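Data first, discussion second: the structure below is written as structure tokens.
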Amino acid sequence: MARIAVIGCGPAGLMGAEVLAEQGHQVDCFDAMPTAGRKFLMAGKSGLNLTHAEALETFLSRYGSAREWLEPALQDFPPQALCAWAQTLGIPTFTGSSGRVFPEAMKASPLLRAWLHRLKSQGVRFHMRHRWLDWEQREQGQARFDTPQGPALYDCDAVMLALGGASWAKLGSDGLWASRLAQHDIPLAPFQAANCGFLVNWSPLFRERFAGEPVK
């Protein structure tokens, strides 16, 4: 059994913690925020679109040039598996008219609550208001944190980084960790929008009338 530190309590960190705990490891999850999954809860305010019910080949085609490196993970855990996983938490899903898949409750809080309960029952320990600062001794596996009680060290055999992007800083995704990794010569691609990117040749009239308005 290894001692593993998961840095970040968003969906990626929680899923990583679940897989590791199922393999028998001791998992400790750390997050700078007071509670887990804060941006996940924000996503749930609009219904929590979990995945899409379209055929897997079509689903894979949506990822463009990223398909090559994402496909093995998506083949291993396709949309149907995600729905089945939610069902094991007691969260039934439904497919809307657009093909998008949502939890029947149309919000994130019941799913997150059930997920955290299961993780704790698997022995996963949570350390909130613990901001990861760096490795104290990277080769020896010591992670250093800033906590309400002051600086703290955690001895571990491995660290899983699930630190989020650089959006919604008030919910925890501030991207400040990127500079710390750079100090260790860990290569990082520049932050960029992940949801959607497109170019449109708006007419001058359209630009003048709707500049600054949300795209809906």
Side-chain angles (χ1 to χ4, degrees), residues 4-22 27-54 56 59 62-63 66 70 73-74 76-132 160-177 191-197 214-216:
I4 301 176
V6 175
I7 315 298
C9 291
L14 298 181
M15 187 62 78
E18 182 170 345
V19 172
L20 292 167
E22 287 174 347
V27 182
D28 285 76
C29 291
F30 299 84
D31 200 286
M33 303 304 287
T35 55
R38 293 171 83 92
K39 196 159 67 169
F40 182 65
L41 291 174
M42 176 63 73
K45 287 189 174 182
S46 60
L48 194 65
N49 175 203
L50 290 171
T51 186
H52 203 285
E54 63 193 358
L56 183 59
F59 186 76
R62 308 296 187 190
Y63 291 90
L70 280 173
L74 293 169
D76 191 53
F77 195 71
Q80 294 83 355
L82 176 58
C83 295
W85 170 83
Q87 187 70 47
T88 66
L89 290 171
I91 306 297
T93 60
F94 75 96
T95 302
S97 58
S98 64
R100 294 180 176 87
V101 178
F102 300 89
E104 286 188 358
M106 290 293 288
K107 55 185 179 180
S109 52
L111 191 156
L112 180 62
R113 193 161 48 244
W115 197 1
L116 292 174
H117 177 76
R118 180 159 74 187
L119 288 169
K120 291 174 183 176
S121 72
Q122 293 172 325
V124 176
R125 299 182 297 205
F126 289 86
H127 309 267
M128 311 312 297
R129 293 190 174 91
H130 279 56
R131 179 176 290 276
W132 177 68
M160 174 184 169
L161 300 178
L163 296 163
S167 63
W168 287 95
K170 66 180 181 180
L171 298 180
S173 296
D174 53 25
L176 297 178
W177 52 268
F191 288 119
Q192 59 182 358
N195 286 344
C196 186
V215 179
K216 292 187 178 180

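It should be emphasised that the depicted structure is a prediction, and the values quoted were computed from it without experimental measurement.
Aromatic ring centres of Trp177 and Phe30 lie farther apart than the 6.0 Å criterion allows.
Closest non-hydrogen pair, Ser98 versus His52, comes out as O-NE2, 3.2 Å. Closest approach of Met33 and Gly172 over heavy atoms only: SD-CA, 3.6 Å. Shortest non-hydrogen contact noted between Leu56 and Pro79 is CD1-CD, 4.0 Å. For the pair Thr93 and Ala86, the tightest heavy-atom approach, listed with the atom from each and the gap, is CG2-CB, 4.2 Å. Here the closest heavy-atom approach between residue Leu116 and residue Phe126 is recorded as CD2-CZ, 3.8 Å.
Partners of Ser97 according to the side chain to side chain donor-acceptor pair (under 3.5 Å) rule, which considers only residues two or more places apart in sequence or in another chain, do not exist here. Scored by the ring-ring contact (aromatic ring centres under 6.0 Å, His included) test, His117 finds no partners at all (sequence neighbours excluded). The side-chain contact (heavy atoms from CB on, under 4.5 Å) check on Asp174 picks up Arg131, Ala169, Leu176, with sequence neighbours excluded. Considering only residues two or more places apart in sequence or on other chains, Trp168 meets the ring-ring contact (aromatic ring centres under 6.0 Å, His included) condition with none of them. Take Ser173 and apply the side chain to side chain donor-acceptor pair (under 3.5 Å) test, not counting sequence neighbours, and it matches Lys39. Partners of Glu22 by side-chain contact (heavy atoms from CB on, under 4.5 Å), not counting sequence neighbours, listed by chain and number: Glu18, Gln122. Residues meeting the side chain to side chain donor-acceptor pair (under 3.5 Å) test with Thr88, sequence neighbours left out: Arg118. Every residue two or more places apart in sequence or in another chain was checked for a salt bridge (charged side-chain N to carboxylate O under 4.0 Å, His left out) with Arg100, and none qualifies. Residues passing the side-chain contact (heavy atoms from CB on, under 4.5 Å) test with Leu74 are Phe59, Leu60, Tyr63, Leu70, sequence neighbours excluded. Residues satisfying the side chain to side chain donor-acceptor pair (under 3.5 Å) test with Thr35, not counting sequence neighbours, are Arg38.
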- Task: Take Trp132 and Leu163, measure what side chain to side chain contact (heavy atoms under 4.5 Å, CB included) needs, and give me the verdict at the end.
- Result: CA-CA 9 Å; Trp132 177 68; Leu163 296 163; 4.2 Å; yes

- Item | Worked verdict on Phe94 versus Met106 for side chain to side chain contact (heavy atoms under 4.5 Å, CB included) | CA-CA 10 Å; Phe94 75 96; Met106 290 293 288; 3.6 Å; yes

- Query: Can you list the steps and then say if Glu54 with Arg62 is a side chain to side chain contact (heavy atoms under 4.5 Å, CB included)?
  - Reply: CA-CA 11 Å; Glu54 63 193 358; Arg62 308 296 187 190; 2.8 Å; yes

- Message: Determine whether Trp85 and Met15 satisfy the following criterion, side chain to side chain contact (heavy atoms under 4.5 Å, CB included), listing intermediate values before the conclusion.
- Response: CA-CA 11 Å; Trp85 170 83; Met15 187 62 78; 3.8 Å; yes

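In summary, of the residues considered (Asp28, Val6, Val27), a side chain to side chain contact (heavy atoms under 4.5 Å, CB included) with Val124 occurs for Val27 alone.
At least one side-chain heavy atom of Pro34 sits under 4.5 Å from a side-chain heavy atom of Arg129. With a 4.5 Å cut-off on side-chain heavy atoms, Gln87 and Pro92 count as touching.
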Show me the donor-acceptor pairs within less than 3.5 Å that the side chains of residues 40-50 make with the rest of the protein, sequence neighbours left out.
| unit_1 | atom_1 | unit_2 | atom_2 | d |
| --- | --- | --- | --- | --- |
| Ser46 | OG | Ala43 | O | 3.1 |
| Asn49 | ND2 | Thr51 | O | 2.9 |
| Asn49 | ND2 | Val101 | O | 3.3 |

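For the atom pair CD1 of Ile7 and CG of Leu161, the computed distance is 6.5 Å after rounding to the nearest 0.5 Å.
For residues 102-111, the set of pairs meeting the side chain to side chain donor-acceptor pair (under 3.5 Å) definition, not counting sequence neighbours, is empty.
Asp31 and His130 share no donor-acceptor pair across their side chains, judged by distance under 3.5 Å alone.
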